[in-house]
Protein chains: 2
Amino acid sequence: MKWFPNILPKKSRAHKDGIFYEKLSRIVGYKPTRIEIYEEAFTHSSAGKTNGNGHTVNYERLEYLGDAVLGLVAASYLHQNAPNQAEGYLTKMRSKIVSRNNLNKIGKDLNLLSLLKCNVNVKDFGENIYGNIFESLIGAMYTEKGFDFTKKFVYKKLIQPIEPLEDLENKIISYKSIFIEHCQKRKKYFLFDVQEEKSKEENKHFVVKLHYDEKIIAKGRATSKKKAEEQAAKRAYYSLQKSKSSVNKK
Amino acid sequence: MKWFPNILPKKSRAHKDGIFYEKLSRIVGYKPTRIEIYEEAFTHSSAGKTNGNGHTVNYERLEYLGDAVLGLVAASYLHQNAPNQAEGYLTKMRSKIVSRNNLNKIGKDLNLLSLLKCNVNVKDFGENIYGNIFESLIGAMYTEKGFDFTKKFVYKKLIQPIEPLEDLENKIISYKSIFIEHCQKRKKYFLFDVQEEKSKEENKHFVVKLHYDEKIIAKGRATSKKKAEEQAAKRAYYSLQKSKSSVNKK
């Protein structure tokens, strides 16, 4: 069993005098009483034990719950703080607030990885591990402390740092979704053809060929499928922008 | 200004002695204090007034908020009541619980359309109006009464009627998503080519040609874009099933 980045004694997670409990209390700002929920929130699938019902206990279920909590907190914040904006604006801004980049940044700032129990090399994780365990922490907090309490914590960690809203408005978060929108508007075929690269390198990579209008318009390569798709979509976006402006010049 | 289905005097919405207030109180089971939120929740865009900031007041913003509330209530319920199921199961089941069909049914059962202020013929509405204003009611309730109160209401109206969970498990809610999954697995091109039908009929229709693997595999025609797509996807699904089983027989 490996612990990252510190080697912690096993009992430290389950006991209130342990390092896990101490660190966790400092991060959340209160003394958790149902410690087993937070243990689950910080257990990676590689280290998850199977319970009596054949269910492997790891952070994924709490991550799922936390995602729904964040969704409502962000929607609620926008509804209240952008009273003159239509629904489309709220939808767009919410996806920016709860973007992977934002959530990863918070998970990193809170040093959540130091609480994670896992059985794999940390190099195998992409950036998203940070956001994922931030979400599972939120799921655990909601389970113990309820919605209103958790909402305040999320405001402090997620919402306040991105204010004022205007700064977020012009930020492009997902080139992939912009690209897909472009295709749907113009009724163009597209396909993200993703392959896992077979190589002897330690870190695995994914390569994406992005087909558009029966040609390969761009490629991407990265350590996660999502990143590689995003890279290809970004390149395709700029390539389409360029061809549009050269058409306009003619 | 038309009211559907009853002709209500205009003042009845804003005043606590009016029919709107009385009906609403009966539906939600309490006496609302911030009546203006509920007025917004039951105003269709055709009847929405523009406020000083150029924003048209209608139910769409509250519908968006209510959608996030329902998402969390359903996630929370599943997390608690399916303790041995993995995240994938929770995701799948949630989309079944908050499916348009389910929400429309509840909106219809609660007779919410009788509270709606609108300026168009009710025939122009698709089925989804019922679910939409159920969502906006939930958004209004959350705004006035908070999450924990609203959660109880949603449990009673949305969750209890679909229990036990096992009955929902095998229900196919969206053929479109099954079809898209099929294409992505097999790296097949697909395109939902949707056109609005130009006809002199009173109700407008949408026609969909579903392209798959460079052929048109199925068509759909319905009063909404979504329904037409779903119809085409369902036909494509059965056509693919059929060709799969005939291949297996050979």
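Per-residue heavy-atom pair counts under 4.5 Å with chain B were compared for A:Pro83, A:Ala74, A:Gly71, and the maximum is reached by A:Pro83. For the set A:Lys151, A:Lys187, A:His211, A:Gln80, the count of heavy-atom pairs under 4.5 angstrom toward chain B peaks at A:Lys187. When the candidates A:Leu72, A:Val194, A:Leu62, A:Leu78 are compared by the number of heavy-atom contacts under 4.5 Å with chain B, A:Leu72 comes out ahead.
Summarising the local packing, NZ of B:Lys145 is surrounded by more than 12 heavy atoms from other residues, nucleotides or ligands at distances under 6.0 Å. Under a cut-off of 6.0 angstrom, the local environment of NZ in B:Lys226 is sparse, with at most 12 non-hydrogen atoms contributed by other residues, nucleotides or ligands.
When heavy atoms are compared at a cutoff of 4.5 Å, B:Tyr89 does not approach chain A at all. Residue B:Thr56: no heavy atom, backbone or side chain, is found under 4.5 Å from chain A. For B:Asp148, the part lying near chain A is the side chain, with the backbone staying farther off; criterion is any non-hydrogen pair under 4.5 Å.
With hydrogens and angles ignored, the 3.5 Å screen pairs no side-chain donor or acceptor of B:Tyr189 with any backbone N or O of A:Leu191.
The two residues A:Tyr64 and B:Leu90 make their nearest non-hydrogen contact at OH-O, 3.2 Å. In terms of heavy-atom proximity, B:Arg94 sits nearest to A:Ala68 at NH1-CB, 3.5 Å. Listed here is the closest heavy atom pair of A:Arg61 and B:His79: NH2-O, 2.7 Å.
Ring geometry for A:Phe147 against B:Phe147 counts as tilted: the plane angle lies between 30° and 60°, on a 0 to 90° scale.
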